[in-house]
Amino acid sequence: QVQLVESGGGLVQAGGSLGLSCAAAGNIRSIYTMGWYRQAPGKQRDLVATITRAGSTNYADSVKGRFTISRDNAKNTVYLQMNSLKPEDTAVYYCYGEISSSGTFVVDYWGKGTLVTVSS
């Protein structure tokens, strides 16, 4: 019914910046909280940041002050601006969205992930 498609991953030097985008498409009635999670090799998937429809944000302590999450409700898109990147930020980043479709309650959706590699 709904797909989340991430873009913007890639290679970056430590201390550099990278921006990620995630667009939701399909049968969308409403989008509630959106966010980003990441999973490093051999590690669990952890929260990076979330943002409500009204714009309230929540960040993992490890990225606070360096990353900024934002969204454009008109475009059904959530963004993650990553600054001062560190090698430990290397991970697959997954987009997350709480989305309702016609005739459904809210469902959690996940993107397929985009790889961010930070070299030292």
Would [X] and [Y] show up in the same hydrophobic cluster when neighbours are defined by side-chain heavy atoms closer than 4.5 Å?
X: Ile51; Y: Tyr37; answer: no
X: Val106; Y: Ile99; answer: no
X: Val116; Y: Leu4; answer: yes
X: Tyr93; Y: Trp110; answer: no
X: Leu47; Y: Tyr96; answer: yes

Supply the atom-to-atom distance [X] [atom1] to [Y] [atom2], rounded to the nearest 0.5 angstrom.
X: Gln44; Y: Arg38; atom1: CD; atom2: CZ; answer: 12.0 Å
X: Asp108; Y: Glu98; atom1: CG; atom2: CD; answer: 5.5 Å
X: Ile69; Y: Ser56; atom1: CD1; atom2: OG; answer: 11.5 Å
X: Ser62; Y: Asp46; atom1: OG; atom2: CG; answer: 7.5 Å
X: Thr68; Y: Tyr79; atom1: OG1; atom2: OH; answer: 14.0 Å

*Taking it one step at a time, do Lys86 and Val63 satisfy side chain to side chain contact (heavy atoms under 4.5 Å, CB included)?*
CA-CA 10 Å; Lys86 305 174 181 179; Val63 307; over 6 Å; no
*Could you walk me through whether Leu85 and Leu18 pass the side chain to side chain contact (heavy atoms under 4.5 Å, CB included) test, one step at a time?*
CA-CA 8 Å; Leu85 282 161; Leu18 199 63; 3.9 Å; yes
Measure from the side-chain N and O atoms of [X] to the backbone N and O of [Y], and report whether any donor-acceptor pair falls under 3.5 Å.
X: Asn73; Y: Arg53; result: yes
X: Thr90; Y: Val118; result: yes
X: Ser101; Y: Thr104; result: no
X: Glu6; Y: Lys112; result: yes
X: Arg71; Y: Thr52; result: yes

*Quick one: which of Tyr94, Phe67, Tyr59 gives a side chain to side chain contact (heavy atoms under 4.5 Å, CB included) with Val48?*
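Per the side chain to side chain contact (heavy atoms under 4.5 Å, CB included) rule, the option paired with Val48 is Phe67, out of Tyr94, Phe67, Tyr59.
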Quick check: do [X] and [Y] have side-chain heavy atoms less than 4.5 Å from each other?
X: Gln81; Y: Ser21; answer: no
X: Val12; Y: Thr117; answer: no
X: Val107; Y: Val2; answer: no
X: Gln3; Y: Tyr109; answer: no

*Lys/Arg N to Asp/Glu carboxylate O, Asp61 vs Lys64, below 4.0 Å*: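 Counted as a salt bridge, because a side-chain N and a carboxylate O are separated by less than 4.0 Å.
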Side chains of [X] and [Y] only: does a donor on one sit below 3.5 Å from an acceptor on the other?
X: Ser100; Y: Arg29; value: yes
X: Gln13; Y: Ser119; value: yes
X: Thr77; Y: Asp72; value: no

What are the two closest non-hydrogen atoms of [X] and [Y], and how far apart are they?
X: Ser120; Y: Ala14; value: CA-CB, 4.2 Å
X: Ser84; Y: Ser17; value: N-OG, 4.4 Å
X: Val78; Y: Cys95; value: CG1-SG, 3.7 Å

_Does Asp89 form a side chain to side chain contact (heavy atoms under 4.5 Å, CB included) with Arg66? I'd like the steps, not just the answer._
CA-CA 11 Å; Asp89 294 319; Arg66 299 188 297 120; 2.8 Å; yes
*Derivation and outcome, side chain to side chain contact (heavy atoms under 4.5 Å, CB included), residues Leu20 and Thr114*: CA-CA 9 Å; Leu20 305 181; Thr114 185; 4.1 Å; yes
